[in-house]
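First the structure, in the form of structure tokens, and then the observations on it.
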Amino acid sequence: MSHRVLVCDDALFMRSIVGDILTRAGYEVVGEASNGAEAVEQYKALRPDFVTMDIVMPDVGGIDAVREIRLMDPNARIIMCSAMGQQALVDEALQAGASDFVVKPFQASRVIEAAQRILA
Amino acid sequence: MHPDRLRALFLADGRECLAALDAALLVLERAPADAEARERAFRALHTLKGMTATLALDPLTALVHAGEEGLARARTRGHLSPSLREPYATMLRLLGAALDAVEQGEALDEASLGALTTTLRAVTAADDASPVSDAPQATTDIAPPAPVATTDGPRPRGAARPGAVRTARIPVERLDALLDLAGELLIARDRLLDRLPVRADDDAPAAVALRDAADAMQRTVDRVRDAVVTARLVPVSHVLDRLPRHVRDTASALGKDVELVVEGRELEVDRSLLDELGEPIVHLVRNALDHGIERPAVREALGKPRAGRLVLRAEREGDFLALTVADDGAGVDRAKVAARAASLGVADARALADSDEGLLALIARPGLSTAESVTALSGRGTGMDVVLARVRSLGGRAALATTPGGGTAITLQLPMSIAIVRALLVRAGEATFAIPVRACVETRRLDPWARVHAERARYRLDDATVPYVSLHAALGLAAPRDAGQVVVVRGAAGRTAVHVDACLVQRDVVVKPLPRVRGAAAFASGATLLADGTPALLLDPEHL
């Protein structure tokens, strides 16, 4: 059975790109969220195998969402998506419990590698 | 993913980012220390950067990144430096143009983008060198815009609703296609029901079952129509939210102080209507700023507040949307309009200018402008006629109210949905026409003796004599002298008697806009397809 993924990004554009990359690689996108609060809600409802999470999102940002999801599920597997020049935020996210990160603009191979790594 | 789809997504999300950025920057101009607005601006740029980087639009990515840096510095300093205001305004403009270029498949203006990127970096760096203590200053009298609604949007970004309804962004073409299909479904249903081989009083079980099934289909198709119409609704904020910046820029170019008040921005209307409204509203706003609201010194001398007040109000009146642009300026000078109109050879100019309707009609005459001097902003007196023509072509009407020294209000009244209209189908000669039911007052059998020929043909009703037209004339035919029916139609200018051969039936018709060709069927506001597939013109009650 294919792995189920929740894609979180405030831009539909980005969600589509990530979703597309993952779908082609055989993953199943079971949900999308456009801010941290939605990500937490969706995680609770869907219990996906892993999550891709944008860092900068309105209201509740990605890092706070990581913290909340990890509180709910200490084994949650989360890949952070960051833009260039956000190393400090990436570090913060990893400390909050994110498993890995990829940098925008996304290369399909990088995203898939990260997914394979955290699912291994 | 298909490149076209990718591009469409980019454009939709990108424009959403720009709208959010625009709104946030406006707030920052007033309150440079507003941390929330700064973060909103930052997020908008950030989201945009992610997308432009993905699409390898490097000049855009570099510019947006430079913009982000400026905001990041503002975070450290506690406020946005006033020297960044101009570069950011230019950035908004260039980014908007860049999205348009992407949409059109044109090349980016790399020179301008690069130059601005350099400027932004330089200004940000220079600000860094200067002491942090330059006090933030409030700079405009324009009210900060209300929170920006997401364009085409899923959910309001401000309110994260846990477990919110899942929503999708749908390209307009698909909605249009759906509307077309719903229209065809309506037509097919009518054809079927017209030919139903059972009489209403046939109570054989098979006939009853057939009628029940037909009733059920009738209701379901009505609901499909309603659902499709509802899906096309968008809030008027799509148009109104673009205005604060426009008002500020225009007012400052004219040396005027203006406070803008926007009311009813959440009201929903058909998007095809909204697409058509942007220009007329901008024109009315411009007129109010240019000709209505006085300069601060003049206002002060008159005992008015220095800042003029401009109100944009959207309201629902039954099936109509009423859009009002009101100012508290000088009001229209009736005597001056009358004199100008008289000099252009308008008969009865003085009498016309005494009533609000007449005054509006005079103002809307091409070539009539009472501006003391023609300004670049309001152009040369063209415009009002274009606005009114546009409003009429949408099946609407305009009204004006003005008080000397008290201000002017212009209200555009437009049907909420112009996509599907309830129409009375009538026949003249071989052709079928559709008349919007909302404009029909009554139908009666033609009384040949009621036709009065003065200078222009008129028709005598019980209480008055009204203009008479025959639809046969539109076909180049002579109207039958003593046969047929008369439909009394009411427009803004009053009633008109329309002579037809026969009134057929009332139907919901899907209106297709007619290409705006000068001189082409001025009396028609659109076209529709009938149950048998033949086209029919939709009469424009304002233009008979």
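Just so it is clear: chains get the letters A, B, ... in the order the sequence lines come, proteins before strands, and each one is counted from 1. If you're wondering where the values come from, they're calculated on a predicted model, not measured in any experiment. Only heavy atoms go into these numbers, but all of them, side chains included; no hydrogens, no water, no symmetry mates.
- Between B/D13 and A/A11, the shortest heavy-atom contact is OD2-C, 3.3 Å.
- Checking A/D54, A/D10, A/D9 one by one against B/T47, the side-chain hydrogen bond (donor to acceptor under 3.5 Å, both in side chains) holds for a single residue, A/D10.
- Pairing each heavy atom of A/M14 with each of B/M51, the nearest pair is CE-N, 3.4 Å.
- The 12-atom threshold is not exceeded at CD of A/Q107, counting heavy atoms of other residues, nucleotides or ligands nearer than 6.0 Å.
- Here the side chains of A/I17 and B/L9 are not in contact, with every heavy-atom distance at 4.5 Å or above.
- Residues A/F13 and B/L55 come closest through the heavy atom pair CZ-CG, 3.7 Å.
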